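Data block below; observations after.
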Amino acid sequence: MPPLWRKAFDAIERPLATGSEAWIQSDTFMDLATHSIRIQRKMLKEVQQGTERWLHLWGFVSRADVLRLTNQVASLERQLRDLRREAEPRDRPLLNGNQPGAHTRARPRSRPSSKRRTS
Amino acid sequence: MASPPPGLIERQILRTRNGLAYLAGANRPAMAQTPRDLVWKRDKARLWRYRSDARRFRPPVLIVHSLVSKSYILDLLPGTSMIGYLLGEGFDVFLLDWVPPDPADAENTLETYVDEYIPAAIGALLEEADADELTLIGYCFGGVLTLLLAAAHPELPVRSLMVMATPCDYREMGFMSNMFRSRRLAADDVIDETGLVPANALDEGFQSLKPTEYVTQRVNFFQNLWNDEFVEGFLAIAFWARDQVSFPGGVFRQTVERLIRRNGLYEGVIAHGRGEVRLKDIRCPFLNAYAEQDTITPAASSEPLTRLVGSDDVSELRLESGHIGFVAGRQAAKVARPQIRDWLAGHSDRS
């Protein structure tokens, strides 16, 4: 048997939960969320660009510089992986000689419209 | 015989003790304690084999974990661990999980996992276990990967396939999915400069599915703060739920286009590589396990899978629990696990 305070909480929370779950699925909320996400991204970008200019003025390294380096290292690692992949396919008995994705069917040039679902 | 629940005063004392321990951060439970060995590794993919002296069933079982969370949910706490349970029942359990991605993984695609990592891990597993075939289990987005794998690679020796809490109909996936489906957001709106979807974006997305859940969970926690077992389970699950990982941008773009906008899994035809794969090409025995109160992968999203695969041996397990009800909690121990065990045993051989 839940205590009284819990019953009171549930009496408030349940309708609130139902209402808020319906509200976040509404077009109005989704439009607001979209704008909010875009504005946040834009503001963050402007703050970062401003900070970067200021840091560079004083000869400091900015977040963008570190990111550029990180992405260059990542790109090198991807190239190494590609080289390894090229060296490997000859040694894959598990796939019985088939290339990966061997069972995929060629994609038709245009999909029948009946197969598509629109929101 | 179970001891009677403590009285009011005793509860207050226990609540105070556990509350102070919680505030001091002293009662964080030890998770993922089942002994295991790393048997194969490539880039961020890792294949683990769990130690056991009581393996009775063949073929070995491979659990493919999701890309959106950490795999210790499958081995959360000693005594309630899904992996521990399967080991105890005599299965030879392997787990394929993923180290959280870094920018080098940003361009990974579904094909990277389906055509490269998972087949290679299966090869390593068969060699390690000295087996000719295996049983495949996919959890959450890992289920999507196993479905694509089974459809694209019928040459792989998969004896049977089970998916747990796996999304199919993305129209039923709630707010975040609808944002992309309605084209309000593009995939690149949430991908950062490193090419990854940041972990906090996923966390916020999951939280938005049930806005009042955060408060309700804290109230449940306070109400049961006197109960050591509840506190341990709650803290473990709460820690895991917040311990999100980034998601590779390449896979995310494909997820938005192929799975959310085209709703490929529900249509039964998913673009893959230079062609497409069909769920009807999955011919092995199939179990679709999903949860009635799942807010992350709602039952309405998982349910259609049962009729979309081409197998003649299709079963369905519908549970009265939430997303992690398969793998943690009382529901898992009482209902989910014995049924999963029965299905797995029925599709295995005793050795």
Side-chain angles (χ1 to χ4, degrees), chain A residues 2-3 5-6 9-10 13-14 16-21 23-25 27 29-31 33-35 37-38 41 45 48 63-64 67-68 70-78 80-81 84-85 88 92-108 111 115-119, chain B residues 42-43 102-108 111-112 114-116 119-120 122-123 126 151-157 171 174-175 178-179 181-185 189-190 192-195 208-213 215-216 219-220 223 261-263 266-269 271-278 281 295:
Chain A
W5 67 265
R6 182 64 208 235
F9 173 82
D10 289 343
E13 190 270 340
R14 276 175 195 155
L16 206 65
T18 315
S20 59
E21 281 159 34
W23 161 241
I24 64 163
Q25 297 286 350
D27 283 345
F29 181 82
M30 286 200 280
D31 286 338
T34 309
H35 291 307
I37 290 168
R38 295 225 165 108
R41 276 178 74 95
K45 202 173 169 186
Q48 282 169 351
R63 181 177 170 274
L67 271 174
R68 266 193 291 277
T70 307
N71 287 338
Q72 278 176 18
V73 172
S75 169
L76 275 174
E77 194 175 332
R78 281 196 290 269
L80 277 173
R81 287 181 189 177
R84 190 198 61 208
R85 272 186 206 113
E88 268 185 356
R92 299 183 77 173
L94 181 68
L95 296 174
N96 296 329
N98 291 332
Q99 289 302 305
H103 197 66
T104 53
R105 301 171 189 221
R107 201 178 304 163
R111 290 160 58 85
K115 279 277 177 191
R116 291 188 178 207
R117 284 196 164 268
T118 50
S119 53
Chain B
R42 176 174 296 178
D43 305 332
D102 63 28
D105 307 296
E107 291 176 15
N108 283 1
E111 289 80 1
T112 313
V114 172
D115 297 336
E116 189 185 338
I122 288 177
L126 297 177
H153 292 291
E155 77 281 4
L156 290 174
R171 292 171 306 175
F175 167 68
N178 286 342
M179 292 284 281
R181 206 165 56 84
S182 60
R183 297 184 186 272
R184 285 180 170 88
L185 283 182
D189 285 331
V190 291
D192 69 14
E193 303 97 319
T194 62
S208 68
L209 297 169
K210 260 193 168 316
T212 59
E213 183 109 324
V215 178
T216 312
V219 171
N220 288 340
Q223 191 183 348
R261 289 184 178 160
R262 287 193 214 161
N263 210 6
Y266 182 74
E267 296 292 338
V269 183
H272 186 79
R274 292 187 197 130
E276 54 194 23
V277 295
R278 291 162 195 273
D281 290 331
T295 51

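These numbers come from a predicted model, not from an experiment. Labels below follow one simple rule: chain letters A, B, ... track the order of the sequence lines, proteins then strands, and each chain is numbered from 1. Only this structure's heavy atoms are used, side chains among them; waters, hydrogens and symmetry mates stay out.
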> Side-chain contact, heavy-atom cut-off 4.5 Å: B/Arg183 with A/Thr34?
Replying inline: no
>> The criterion is salt bridge (charged side-chain N to carboxylate O under 4.0 Å, His left out); which residues satisfy it with B/Glu213, sequence neighbours excluded?
In response: none
> Side chain, backbone, both or neither: which part of A/Trp23 has a non-hydrogen atom closer than 4.5 Å to chain B?
Replying inline: neither
> Passes side chain to side chain contact (heavy atoms under 4.5 Å, CB included), B/Arg184 versus A/Ile37? Steps please.
Replying inline: CA-CA 11 Å; B/Arg184 285 180 170 88; A/Ile37 290 168; over 6 Å; no
>> Between B/Asp105 and A/Arg81 (salt bridge meaning N to carboxylate O under 4.0 Å), is one present in this structure?
In response: yes
> Using a cut-off of under 4.5 Å for heavy-atom pairs, which of B/Asn108, B/Val114, B/Asn178 has the most such pairs with chain A?
Replying inline: B/Asn178
> In Å, rounded to the nearest 0.5 Å, how long is the span from CG of A/Leu16 to OG1 of B/Thr216?
Replying inline: 9.0 Å
> Considering only heavy atoms from C-beta outward, does the side chain of A/Gln48 approach that of B/Glu193 to under 4.5 Å?
Replying inline: yes
> For A/Ala64, is it the side chain, the backbone, both, or neither that has a heavy atom closer than 4.5 Å to a heavy atom of chain B?
Replying inline: neither
> If you count heavy-atom pairs under 4.5 Å between each of A/Pro3, A/Pro2, A/Ala17, A/Ser75 and chain B, which one has the most?
Replying inline: A/Ala17
> So, B/Asp102 side chain and A/Thr70 main chain: donor-acceptor pair closer than 3.5 Å or not?
Replying inline: no
>> Strictly below 4.0 Å, N to O, side chains only: are A/Arg78 and B/Asp43 in salt-bridge contact?
In response: no
>> Whether the side chain of A/Arg38 engages the backbone of B/Asp189 through a donor-acceptor N/O pair (distance < 3.5 Å, no angle test) should be reported.
In response: no
> So, for A/Ala74 and B/Ala104, which heavy atoms are closest and what is the spacing to 0.1 Å?
Replying inline: CB-N, 3.4 Å
>> Please give me the minimum heavy-atom distance between A/Gln25 and B/Gly174, naming the atom from each residue.
In response: NE2-CA, 3.5 Å
> Say you draw a straight line from CD of B/Glu116 to CZ of A/Arg84; how long is it, rounded to the nearest 0.5 Å?
Replying inline: 6.0 Å
> Between A/Asp10 and chain B, which part of the residue has a heavy atom less than 4.5 Å away: side chain, backbone, both or neither?
Replying inline: neither
> A/Arg14 versus chain B, heavy atoms under 4.5 Å apart: side chain, backbone, both or neither?
Replying inline: neither
>> Is A/Ile24 close to chain B through its backbone or its side chain, or both, or neither, when contacts mean heavy atoms under 4.5 Å?
In response: both
>> Applying ring-ring contact (aromatic ring centres under 6.0 Å, His included), can you list everything that pairs with B/Phe175, at least two apart in sequence or on another chain?
In response: A/Phe29
